[in-house]
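Worksheet: the structure to be examined is printed underneath.
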There are 2 protein chains.
Amino acid sequence: MKPIVTIEPNWQLCTDCAVRASAVCSSLDAVELREFEHLGRRVHFSSGETVFSEEDITTSFYNLLEGVMRLYKLLADGRRQIVGFALPGDFLGMNISGRHNFSADAIGAVTVCQFAKAPFGRFIEDRLHLLRRINELAIRELNQARDHMVLLGRRSADEKVAAFLLGWRERLVSLKGASDTVPLPMSRQDIADYLGLTIETVSRTFTKLERHGVIEIIHGGISLLDPAKVEALAAA
Amino acid sequence: MKPIVTIEPNWQLCTDCAVRASAVCSSLDAVELREFEHLGRRVHFSSGETVFSEEDITTSFYNLLEGVMRLYKLLADGRRQIVGFALPGDFLGMNISGRHNFSADAIGAVTVCQFAKAPFGRFIEDRLHLLRRINELAIRELNQARDHMVLLGRRSADEKVAAFLLGWRERLVSLKGASDTVPLPMSRQDIADYLGLTIETVSRTFTKLERHGVIEIIHGGISLLDPAKVEALAAA
DNA sequence: CTCCAAAATTGATCTGGGTCAACCGGCCTT
DNA sequence: AAGGCCGGTTGACCCAGATCAATTTTGGAG
């Protein structure tokens, strides 16, 4: 009996790509896109799988197409700091040392557009606009990183959680449109490791916010009942 | 009577520049350097002066030539997070929003090479190698930022201080050569705001390290008596 | 030199968030 | 439907580091 298998072509049209407008490739014209199409290869990862690990030699770059990823660094004794969550359109893997400087896991099912390092490097070589785009993304990330330093170093647990909810919602808004229902695909532990807190503190803060009628904890996320109040708590 | 004034020319030869090899300009050839020379202008700042402030519209980029700067962000209530210290060779001011995303003060006397935004942007426009160099610097900074997130979110006070001393020494090594005497031009408050601690905790940790014979607190810095012990404390 | 202000140190006490531990509930497997 | 597991919540207690409060030291300015 013939097995039932879904055949995924090695590549698909960039023109149909969901992240076409936001990702690195937004800087490419129609002609370049045709060539670029053959460079990338769609790859799926299931929940919890590691896409690449810190200190691994970089063999590929990744353009996240679908799903969410956690980007993190581990200390020798197992302490973990999540340095960011990746969403569709995010470009991962750039570094100068030739090794990844953080690890990346799939949170839920994930699809990436994977580029082998060498051909991608060759393609980029003389394309000023693509390099500019990558530079722009790097600078944007640098800003986010600095904002997150402020959060980690100088904000209270309440402020951290409130700022996280708003920031996460904001990113989803620009992806799927505005909503006061905020899906949280990541675990409480992930949130804790992102905010420099413990899982218990995150949980307690959530319930505190719920008791105060500011949010409602729903299955797989939260609902922002009083966004203004959350903003006040985040105290910019 | 003729006043005694030191006349500083608007520009000096890049070829003589102290940071020629390490800074952005390391990517330029001899011909480009001649043109580049006329773009930058040496400017001096004295201790404590602010070179640019967060949210200011970006009118210039800066290449730090001499001295040390603190780069920081403030919360509305005055809490401060220092996101980094700049040393000679560091390039400051890149952003995509058109506004600076952190403030920068001189720690002690500082000399910068200042570039007006527009002409610099024009110069960079079609110079792939310069853009690549800037990109490289951005990615390097991004790594540092992520490392610092781990420190802020997941390390104890002792680890933070030990890691800071080692990291700072490391940067000075690549600038002035190896030494176990580590000058600390920044105040205790600066160190505290960099590490997400209070001034008292930094001070106490220093004295604790000194009591244990690991460092010696000297005028304007510390001396690493037992670098191996400090590395053990920093616990990578 | 003396005086003053700012920076740093030190001590005493407090507390936000961590730690430890019990428990709950959804969901998968048998 | 029973059992078990895993993620999340809740409670009791603790402690690293913050806060509050004096000193002490340092560095100019006169």
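A, B, ... follow the sequence lines: proteins, then strands. Residue 1 opens every chain.
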| query | Under the side-chain hydrogen bond (donor to acceptor under 3.5 Å, both in side chains) test, which residues partner Thr50(B), sequence neighbours left out? | reply | Asp105(B)
| query | Are Asp90(B) and Arg140(B) ion-paired here, with the side-chain N under 4.0 Å from a carboxylate O? | reply | no
| task | Could you please spell out the steps behind the side-chain contact (heavy atoms from CB on, under 4.5 Å) verdict for Ser203(A) and Glu200(A)? | result | CA-CA 5 Å; Ser203(A) 184; Glu200(A) 292 95 332; 5.7 Å; no
| query | Taking it one step at a time, do Tyr62(B) and Phe91(B) satisfy side-chain contact (heavy atoms from CB on, under 4.5 Å)? | reply | CA-CA 6 Å; Tyr62(B) 306 86; Phe91(B) 184 70; over 6 Å; no
| query | Are the side chain of Arg79(A) and the backbone N or O of Leu74(A) linked by a donor-acceptor pair below 3.5 Å? | reply | no
| query | Going through the checks in order, is the side chain to side chain donor-acceptor pair (under 3.5 Å) test met by Glu49(A) and Ser46(A)? | reply | CA-CA 6 Å; Glu49(A) 272 190 279; Ser46(A) 45; 2.9 Å; yes
| task | For DNA chain C, note the earliest and the latest nucleotide, 5' to 3', having some atom under 4.0 Å of a heavy atom belonging to chain B. | result | dA8(C) to dA12(C)
| task | Kindly write out the residues that satisfy ring-ring contact (aromatic ring centres under 6.0 Å, His included) with Phe102(A), not counting sequence neighbours, or none if the list is empty. | result | Phe52(A)
| message | Ignoring hydrogens and geometry beyond distance, is a side-chain donor-acceptor pair present between Asn143(B) and Asn101(A) at under 3.5 Å? | response | yes
| query | Thinking salt bridges, do Arg80(A) and Asp190(A) make one under a 4.0 Å N-O criterion? | reply | yes
| side-chain hydrogen bond (donor to acceptor under 3.5 Å, both in side chains) partners of Arg146(B), counting only residues at least two apart | Glu141(A)
| salt_bridge(Lys73(B), Glu54(B)) N-O dist < 4.0 Å | yes
| said: Using a strict heavy-atom distance below 4.0 Å, which residues from residues 198-205 of chain A are in contact with DNA chain C? | reply: Thr198(A), Glu200(A), Thr201(A), Arg204(A)
| Does Thr201(B) have any side-chain hydrogen bond (donor to acceptor under 3.5 Å, both in side chains) partners at least two apart in sequence or in another chain, and if so, which? | Thr198(B)
| note | Closest heavy-atom pair, Ile222(A) versus Ile217(A), reported as atoms and distance to 0.1 Å, is CG2-CA, 4.2 Å
| query | Closest heavy-atom contact between Ser60(B) and Ala116(B)? | reply | OG-CA, 4.1 Å
| Residue Lys117(A) excluded, over 12 heavy atoms near NZ under 6.0 Å | yes
| Selection: residues 159-166 of chain A, any non-hydrogen atom under 4.0 Å of DNA chain D | none
| dG11(D) C1' sits how many Å from Lys208(A) NZ, rounded? | 16 Å
Check residues 81-88 of chain B and write down every donor-acceptor pair under 3.5 Å in which the side-chain atom is one partner and the other belongs to a residue at least two apart or another chain.
from: Gln81(B); atom 1: NE2; to: Asp193(B); atom 2: O; distance (Å): 3.0
from: Gln81(B); atom 1: NE2; to: Tyr194(B); atom 2: O; distance (Å): 3.1

| request: Could you tell me, to 10°, how much the axis swings from one end of the helix from dC1(C)-dG30(D) to dT30(C)-dA1(D) to the other, five pairs per end? | output: 40°
| note | Per the under-4.0 Å heavy-atom filter, residues of residues 182-197 of chain B near DNA chain C come out as Ser187(B), Arg188(B)
| request: Indicate for each nucleotide in nucleotides 25-30 of chain D, in 5' to 3' sequence, whether protein heavy atoms under 4.0 Å reach the base (B), only the sugar-phosphate (S), or nothing (-). | output: -SS---
| field | Those residues that, when tested against Lys208(A), pass side-chain hydrogen bond (donor to acceptor under 3.5 Å, both in side chains) (two or more places apart) | value | Asp158(A)
